Structure formats: structure tokens, C-alpha cells
There are 4 protein chains.
Amino acid sequence: MRADARRNRERIVEAALGLFTERGAGVSMEEIAQAAGLGVGTLYRHFPDRRALIEEIAQSTLTVLRDHLRAGAAEQVPRWEVLLSMVRHCAGRPLALLSSLPEASPQSDTRQRLIREIHGLLGDIVEQAQQEGSLRRDLTPEQVVGLLNVAICRPGARADDPLTTVMLDGLKAPAP
Amino acid sequence: MRADARRNRERIVEAALGLFTERGAGVSMEEIAQAAGLGVGTLYRHFPDRRALIEEIAQSTLTVLRDHLRAGAAEQVPRWEVLLSMVRHCAGRPLALLSSLPEASPQSDTRQRLIREIHGLLGDIVEQAQQEGSLRRDLTPEQVVGLLNVAICRPGARADDPLTTVMLDGLKAPAP
Amino acid sequence: MRADARRNRERIVEAALGLFTERGAGVSMEEIAQAAGLGVGTLYRHFPDRRALIEEIAQSTLTVLRDHLRAGAAEQVPRWEVLLSMVRHCAGRPLALLSSLPEASPQSDTRQRLIREIHGLLGDIVEQAQQEGSLRRDLTPEQVVGLLNVAICRPGARADDPLTTVMLDGLKAPAP
Amino acid sequence: MRADARRNRERIVEAALGLFTERGAGVSMEEIAQAAGLGVGTLYRHFPDRRALIEEIAQSTLTVLRDHLRAGAAEQVPRWEVLLSMVRHCAGRPLALLSSLPEASPQSDTRQRLIREIHGLLGDIVEQAQQEGSLRRDLTPEQVVGLLNVAICRPGARADDPLTTVMLDGLKAPAP
DNA sequence: TATGAATGAGGATTCATTCAT
DNA sequence: AATGAATGAATCCTCATTCAT
């Protein structure tokens, strides 16, 4: 792939991610192309249709998250710290897209695999955090994943905004 | 207004609210009319355009909430109980609509008035809850309102789902 | 269905048939709508998409042909006359559309049924014409149908143009 | 012109002719280039636009036909044989393209000249065939050309298919 | 007054054509 | 010179809104 083509592809993904984050999934292809400084045609050369673009964004976002979690899993720090790091990583990234796309395509294989891996990694971290005594014990890993999803994967979320703070406090294991 | 006209208007609001709750803000006017058992023409007789319908839903939802809060404010129970009651009231009602509508019209006067009143009532309740020692003290009333909005005013929220539970725990004043 | 709606529907079919006949299957929906004196939206209210419009035209054309053949089959005249009558009926009607549609949808059930019925009727007529000694015997009914299709179902065909005349002469049984 | 350039040009014409024959005039430039094993850019280096490519195909097809007719005209065989030879030559070549192209450009000079020459040659052959008593006399040369055009210059036509056979029989002079 | 048909602007997508590599 | 990426006008289709019945 030519250098400029790769650069354009990246610009498109960035522009789309930015616009989706700010204004939701309703943004038009024209606008995305314009925001990337390109014509629609170019956008469609890189992504055969709207679905494909969204799929790419989803995969890219999920891949980065998975890599982050893998790295965290390997570190020698309390699991609670790993959770915090993930919260900081996700805050403001509308991963939410992934579940609430209007175009909710029958999730692609790659996407499903990524999601399964992420859930696996997070599940382990959650269990270990519960065992180390930092995370409350009355929630299943799935529930934790689910609530993190709503709480931090929304447009405008910040790692230190009130909802995130309160939620983290609510997640801490109660003093014995 | 004739009895049947009023009935039709109510049906429309109900249908629209239901559809928006279930399927998000993308529902078409045709669908709403159909769900209300009416023709589009009738819908437009009651509401000059989409904006007006959404405004009406917003006002109606907000009015009910305000009334609920007024009632709560007058009761002789701990303020924490009043907050709980509000959480139960809101859970699953996508009041969120109000802030995240794509058609976020420059908020109408009536709506602004309602929102101000609700914020006022909630502000009082929050402050009193903080004074009675049940609610943590490091948040302003506005912040509490904001986080409640995200946490409970979303499609599918329930008063006893993990996010709500955790958030309420996180809101409790820490043991001294 | 309201009177005006029915009228519009007919206008659309007529306009589309006319344009397809004159200029082939590439005509745009906009043009068809305009030729019918309507907006595109109206066209799409009557036919959910291009395919549906073409299907309708096909069915309508085939139905008329089938009725013509049924009537002919029942008449007490030489089969050769019936064939002539069909030739006159088809000439200039681009039934050809039916086989050469770019959008060659997997033929609808109704269409397949019509085509089978037409082939059945024509097959009988052809066989009987061969028996009465008016039609040459070295062709199967399918072949006769096929060549009639090319020869008379094309834009601009006329029942008395040279190709039709020559073809009919070529079809006559040779003098014994 | 360099040898490889000439080879590329020929490949393009062949590919385009093949695709038009098989799938009609709707084939995209990209596809043609690909079928020729080249990039679009190269295609456009040889032909400034779609029109030019089609014009080239037309001219090339017509030139071959003219040469065939010239050769036939010079031969010492019955004119009926020459007609048969031409039918065999044309069958399955959608010369039809020439008249029914959507892009029916105002025929180029070269093309008009070729067509006139072809009509001239064919006209002579037809007249002589009528004089030698093999071809029916009630048709003008133009009419003969026209019907041959429809009957044999269509995708899939074969020199021995039913339509061609019947048509040739219909063209024979009736026994006296 | 209620209905649902008609309208047309707007969004997705394709493809002939141009241009940077 | 060859390649294939970029462009944008044109086409299909949707849906908020208007209007005839």
C-alpha cells in the first residue's frame, strides 16, 4: 500500500472516530470525508461501505484496548491499579459504539474474537482483584464489565469526573 | 379540546416515548403514528413538527419528575430515602433523551423552567442529605444530578442493576 | 386504494414502460417520475425499489399476453391465425426486458408461473399449427417461442416490418 | 508506437469487446482494465474516454466486416453464398452495439464512412443475389441489412440457431 | 377532522475521469 | 510509461413535512 494511501486511511479513521465521539453515529459519510480533508470517493475506496468503516473503527479501538489489557495483565502491580489504568484508558472513548450501533451488524468474527479476549482478560483481572481484597465480591466479572462499559465508554467521559469517581468508590471492597 | 383529540394526543406521546425508549431517537414519524394507531396527518395536526413532539415528551417527562420530587420534598422521611425513590422513578426512563437528542433544539423556555425547578428541588434534597450525613459531601448538587442522569436515565436501566447499586454505594457518606 | 393513487400508479407504469421501450433499462427513477408527472417519493411509495417497478411491468405485460393467448386458444380459427394475432400483439413490446434485465432478479414466483403458462399455451398452439400443416415441423415449441421473442419483442418492432414478414414466411410449412 | 503499447491497446479492445458481448454495455472501465490485465490509467492513456474506446471497438468491428465483404464481393461464387458467409461471420458479434449504444455518440466520420461502405457492398451483393434469383425481390437492400442486423448481430446468436435458419429460409426467393 | 398520498431535500453509493507516485 | 489512488457528479433511496381526499 502506498504511503499516501495509508496516511489517508488513517486520517479517515481518525476523523470518523472523532466525529462519532462528538456527535454520535449519525454523521454523514460526506462529513467524515470532509473532516479527513478528502472526497467521498476516497473514503469509499478505503471502506466499501458505512458498515466497513464502523467495523474498522470498532476493531481498531478494541485492539488497542486489548493490547492495553494484555500489558496490564503482565505487570507486577495490584490488580486494582490495573483496573484504574483501564478506566483511564477508556474514559471518553465511546467504545459504547460497539454495542449500540444502529447498524448493529451481526458482529464480525474478528470483532467477536476481540471482545471475547477482552472479556477474558478483564474477567481474570476482576477475579484477582476480588481475591486481593480490593474489589467488592458481590458482582460477577460480566457485571463489572457491563457497568464499566456504561460508566466510562460514553462521549465526554473523563477518568476523574464525578460519575467515574463515585463508581470506583462504589466498587471498592468495603472495609472489613 | 375535545375528548378524542386529547386521547389521540396522549396516545402519540405514549407511543413516541415507548419507541424512543426501545429503539433510540431514530424512529420515523410514520412508525410513531402507526404505533399510536393513527395516520401521520393526525400526528402533525397535534405537533407541527418532529421538534415539537420531542419537546412535548421532554416536558411531560420532566413534569412528572418534578411532581414526584415535589411530593418527595414534602415527605417526612430521610432525604436518602427521597433520593432512592427518585432513582426508582427514573430508572429506565431515557430522560437522557433530553440532553442527547440530535435535534437538541435551543431548549424551550418551558423546558428550561422545568429543568431549573428540578435542579432546585434536587439541589435542596442533595444538600439536606449531605447534612443528615447520608450522602457524601465532596460533590455539588449539580454533579450529583449529572451523574444520576447518566447512570439511571438510559434505556434498559433498572433500579437494582449493578451500575445503579454500585453508584448508590459510592454515593453514601463514608463511615466516620 | 384511493382513485388518485391508482391513477398515479398507472401513470408510473405507463411512463416506465414507455421509457424502457424507447431508451432501454438504464433510465433513472427520477426521469420515470418526471415522465409520470410526479415526484420520486411518490414513485417509491408505489414501488419499494427499482426491482419492484420492473417486476410490476414484467407481470403486467406478461398477464396481458397470457390473456391474449388464452382468448386465442379458445377461438375457432386456424392456429396460424392465432400465431399471427400474437405477433401483432407483441410487436414493439420489449417483452425482451423479461429475459435481459440487468437486474435479472431471481425471477419471482408469479413471473415464473406466468411464463410457464404462456409457454404452455404457446406450445399447444405451435403443435396444433404444425398438425394443421401451417407451421414448419422442424422446430420445437421452445425454439419457436425463442425466435419470436428475439424477432418481435424488441423496441421498435412492427408487425409488418421486414424482419417480421420474412420470419413469418420462413415459419410457414413448405409447400408439399 | 512501441510494440508493447500496441499489444496493450489490442488487449484492451479485446477485453472490452468480450465484456460488452457477455454482459452488455454497462461494464465499468475498471473492469475492462482489469480484464486486460492493466490499470485504469493505462486504459486512459490509450483512450481519452469511454466514448473513444467504444468508437474504437465499433471501428475495428466494422473494419473487419468491411474487409470480409470486400473479399466476398471479389469471389467467383453465387451471391447467396456470399450472404451466407457474412451471416456466419457476424453471428454472435453484437455489432448491434453500434446502433444501440446508450452513448450513441453522433457517429464519427470514420464510422459513418465505414458504414456507408458496408452498406454499399452489401447493397450490391443483395441486388445481385436478387438478380441471380436466390434472394426474394420485395425488399430493398437497406431492409435486408436492417433485418440481418437484428437477427444475427445479437449476443449469443449462432449461424445455425433457429432464428437464423428461419430467417434465411424466409429470405430465399420463392420457387417460381 | 382524520387519513394517507405526494413532495423533495438529503444521505449512501458508484463510476468515469484526473493526477500523484 | 504504468499504476492505482483521489475526485465529485449522478443515481438510488429515505423520511420529515405538506396537501388533496
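Values in this document were obtained by computation on a predicted structure and should not be read as measured data. What you see below is based on every heavy atom in this structure, not just the backbone, and it leaves out hydrogens, waters and symmetry mates. Per chain, numbering begins at 1; letters A, B, ... match sequence-line order.
- Of the inter-residue distances, the one linking B:E55 atom CD with B:L53 atom CG reads 10.5 Å to the nearest 0.5 angstrom.
- Annotation for D:E31: atom CD counts as buried by contact number, over 12 foreign heavy atoms lying within 6.0 Å.
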Dump the pairs, protein N or O against N or O of nucleotides 11-13 of chain E, anything under 3.5 Å, distances to one decimal.
from: E:dA12; atom 1: OP1; to: A:R50; atom 2: NE; distance (Å): 3.1
from: E:dA12; atom 1: OP1; to: A:R50; atom 2: NH2; distance (Å): 3.3
from: E:dA12; atom 1: OP2; to: A:M29; atom 2: N; distance (Å): 2.9
from: E:dT13; atom 1: OP2; to: A:Y44; atom 2: OH; distance (Å): 2.8
from: E:dT13; atom 1: OP2; to: A:R50; atom 2: N; distance (Å): 3.1

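- Between C:E56 and the choices C:H46, C:R51, C:R9, the side chain to side chain donor-acceptor pair (under 3.5 Å) rule is met once, by C:R9.
- Atom CZ in A:R9 sits roughly 17 Å away from atom P in F:dG4 (whole-Å rounding).
- In this structure, B:R7 and B:D4 have side chains that are in contact, with non-hydrogen atoms separated by less than 4.5 Å.
- Both D:G41 and B:G41 lie near DNA chain E, and the one whose nearest nucleotide falls closer to the 5' end is B:G41.
- Toward the 5' end of DNA chain E, the nearer of the two residues A:D4 and C:A5, judged by each one's closest nucleotide, is C:A5.
- B:L17 has its side chain within reach of B:T21: a pair of non-hydrogen atoms, C-beta onward, lies under 4.5 Å apart.
- Atom CZ of A:R7 is separated from atom C1' of F:dG4 by 16 Å (rounded to the nearest Å).
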Revision key, fill the gap. Dot-bracket assigned to DNA chain E with the 3.5 Å Watson-Crick/G-U criterion, [ ] for crossing and | for other-strand pairs, is .||||||||||||||||||||
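- The shortest side-chain heavy-atom distance between B:V13 and B:F47 falls under the 4.5 Å cut-off.
- F:dT21 atom C1' lies 5 Å from atom CZ of C:R2, rounded to whole Å.
- Rounded to whole Å, atom C1' of F:dT3 lies 12 Å from atom CG of D:N8.
- Neither OP1 nor OP2 of E:dA5 sits under 4.0 Å from any side-chain N or O of C:T42.
- Between the CD atom of D:Q34 and the C1' atom of F:dA2 there is a distance of 16 Å, given to the nearest Å.
- Phosphate proximity of F:dA2 to D:R45: present, with a side-chain N or O under 4.0 Å from OP1 or OP2.
- Remark: P of F:dA20 and CG of C:L38 are 14 Å apart, rounded to the nearest angstrom.
- By the salt bridge (Lys or Arg N to Asp or Glu O under 4.0 Å) test, D:R45 pairs with no residue at all, sequence neighbours left out.
- For the pair D:I32 CD1 and E:dC15 C1', the computed distance is 12 Å after rounding to whole Å.
- Between A:L43 atom CG and E:dC15 atom P there is a gap of 17 Å when expressed in whole angstrom units.
- Contact record, A:L114 with A:Q59: CD1-O, 3.9 Å, taken as the closest heavy-atom pair.
- Screening A:I32, A:L43, A:I12 for a side chain to side chain contact (heavy atoms under 4.5 Å, CB included) with A:L38, the sole residue that qualifies is A:I12.
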